[in-house]
Asks: 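Below are the structure tokens for one structure; questions will follow.
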Amino acid sequence: MRWVPAVIALAACGGSDSPTYDGPTSAFCMAARPQAAGEGTYYDADGTGNCSFPADPTRMVAAMNAADYGTAAWCGACLDVTGPTGNVTVRVTDQCPGCKKGDLDLSKEAFAKIAALSAGRVPITWREVACDVTGPLAYEFKSGSSQYYAAIQVRNHRYPIAKLEAMTPSAAYKPVARVDYNYFVAQSGLGPGPYSLRITDTRGNVVEDPNIAVGDAVVRQGATQLPTCP
């Protein structure tokens, strides 16, 4: 049965009733996660990996240690990393199974901005920062997605995504489970759609995106963006 939500809302945690691509600073953002410390290493990274993102032409990317990675919890996060000779902003696109808690495995290009490659392993500190994105959120439907099986990845977000919910035919939101390769997967599907999705980031910001049509290996543009936090 095809359904359309009776009420469509676009909102942010700060209470804005007019969404903007650049996003206002939310007065109700949760506190940022504390600075972390560990060791930095490097590998031949191109932006692909466990987070299932496409290659990043800048190669300013990193793999998160397994203890912090969780169930793709840090995928898409931007981190300001400080090392012996400088700092660099990277995006988390992969997992490092052999890294200890607090460690990051950087691309060679990113590591070279904080230390000499010959060092191999260096002490680092890092903190989460807002990603420099423009435009609205985007939603990739994994190959094989249909009304009977839906795997959705959120892209182009400022902060890591904490939760994705889809509105049911009874006009109630239901969480969609996340898997470790960074898709939210409804094994029995979400129906024919279009879907109204509610996205929550790790800073507590919330937006609703209506009229997202299901597709097989396609990316759908959303209508709004999450706010920037202090």
Side-chain angles (χ1 to χ4, degrees), residues 13 23 25-133 153-163 178-183 199-205 226-230:
C13 170
T25 297
S26 172
F28 297 95
C29 289
M30 297 191 304
R33 288 182 276 200
Q35 179 174 276
E39 292 187 319
T41 51
Y42 67 86
Y43 71 116
D44 190 16
D46 66 357
T48 60
N50 211 176
C51 291
S52 304
F53 293 133
D56 184 336
T58 72
R59 293 182 179 259
M60 293 295 112
V61 297
M64 179 61 69
N65 66 82
D68 286 320
Y69 183 87
T71 307
W74 281 93
C75 284
C78 288
L79 309 176
D80 181 67
V81 184
T82 300
T85 63
N87 72 292
V88 64
T89 298
V90 296
R91 186 165 170 260
V92 176
T93 60
D94 203 356
Q95 178 181 187
C96 178
C99 293
K100 297 178 182 178
K101 185 174 177 60
D103 291 354
L104 296 175
D105 202 13
L106 307 173
S107 67
K108 289 191 295 186
E109 293 82 356
F111 188 93
K113 292 184 178 293
I114 65 164
L117 291 179
S118 59
R121 181 182 298 272
V122 295
I124 59 170
T125 58
W126 53 271
R127 62 185 181 88
E128 183 182 356
V129 294
C131 293
D132 184 17
V133 299
Q153 182 186 87
V154 186
R155 293 186 177 179
N156 200 46
H157 45 85
R158 288 193 170 97
Y159 302 105
I161 302 303
K163 182 165 57 174
R178 191 180 206 162
V179 295
D180 66 359
Y181 54 87
N182 196 34
Y183 277 85
I199 310 301
T200 304
D201 70 18
T202 54
R203 298 298 300 276
N205 298 305
L226 293 152
T228 302
C229 291

Asks: If I compare all heavy atoms of Cys29 with all of Thr228, which pair ends up nearest, and what's the gap?
Replies: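 Reported closest heavy-atom pair: SG-O, 4.5 Å.
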Asks: Kindly list each side-chain donor-acceptor pair under 3.5 angstrom involving residues 71-82, sequence neighbours excluded, with atom names and distances?
Replies:
from: Trp74; atom 1: NE1; to: Asp68; atom 2: O; distance (Å): 3.3
from: Asp80; atom 1: OD1; to: Asn87; atom 2: ND2; distance (Å): 2.9

Asks: Between Ala66 and Gln95, which heavy-atom pair has the shortest distance, and what is it?
Replies: CB-OE1, 3.5 Å
Asks: If you take all heavy atoms of Ala130 and Tyr159, which pair is closest and at what distance?
Replies: CB-OH, 3.5 Å
Asks: Report yes if the side chains of Arg158 and Asp201 come closer than 4.5 Å at any heavy-atom pair, otherwise no.
Replies: no
Asks: Could you measure the distance from the CD atom of Glu109 to the CG atom of Leu117? Nearest 0.5 Å is fine.
Replies: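 Atom-to-atom, Glu109:CD and Leu117:CG are 9.0 Å apart.
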Asks: Measuring from His157:NE2 to Thr202:OG1, what's the distance to the nearest 0.5 Å?
Replies: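 OG1 of Thr202 is found 9.5 Å from NE2 of His157.
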Asks: Using the test side chain to side chain donor-acceptor pair (under 3.5 Å), find all partners of Thr85 that sit at least two apart in sequence or belong to another chain.
Replies: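 Residues passing side chain to side chain donor-acceptor pair (under 3.5 Å) with Thr85: none at all.
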Asks: With a 3.5 Å cut-off and sequence neighbours excluded, list the donor-acceptor pairs that the side chains of residues 51-59 form with protein atoms.
Replies:
from: Ser52; atom 1: OG; to: Tyr181; atom 2: O; distance (Å): 2.7
from: Asp56; atom 1: OD1; to: Thr58; atom 2: N; distance (Å): 2.9
from: Asp56; atom 1: OD1; to: Thr58; atom 2: OG1; distance (Å): 2.8
from: Asp56; atom 1: OD2; to: Thr58; atom 2: OG1; distance (Å): 3.4
from: Thr58; atom 1: OG1; to: Met60; atom 2: N; distance (Å): 3.2
from: Arg59; atom 1: NH1; to: Ala45; atom 2: O; distance (Å): 3.0

Asks: So which heavy atom on Tyr69 is nearest to which on Met64, and how close?
Replies: N-CG, 3.7 Å
Asks: Under the rule for side chain to side chain donor-acceptor pair (under 3.5 Å), what residues qualify as partners of Asn182, not counting sequence neighbours?
Replies: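 With neighbours one apart ignored, the set is Arg178.
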Asks: Does any N or O in the side chain of Trp126 come within less than 3.5 Å of the main-chain N or O of Thr89, such that one atom is a donor and the other an acceptor?
Replies: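 Not confirmed, Trp126 side chain does not pair with Thr89 backbone.
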Asks: Quick one: side chain to side chain donor-acceptor pair (under 3.5 Å) pairs with a partner in residues 28-42, sequence neighbours left out?
Replies: Arg33-Glu128, Glu39-Arg121, Thr41-Asp105
Asks: Does some side-chain heavy atom of Leu106 sit less than 4.5 Å from a side-chain heavy atom of Ile114?
Replies: yes
Asks: Taking side chain to side chain contact (heavy atoms under 4.5 Å, CB included) as the test, write out the residues that go with Ala37, two or more places apart.
Replies: Thr125
Asks: Can you find a heavy atom in the side chain of Ser107 that is under 4.5 Å from one in the side chain of Val90?
Replies: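 In short, these two side chains do not touch, never coming nearer than 4.5 Å.
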Asks: OG1 of Thr200 to CG of Leu226: how many Å apart, nearest 0.5 Å?
Replies: 8.5 Å
Asks: For the backbone of Asn50 and the side chain of Asp94, can you confirm whether one donor and one acceptor N or O come within less than 3.5 Å of each other?
Replies: yes
Asks: Please find the pair of heavy atoms, one from Lys101 and one from Asn65, that lie closest to each other, and give the distance.
Replies: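 What the structure gives for the nearest pair is CA-OD1, 3.4 Å.
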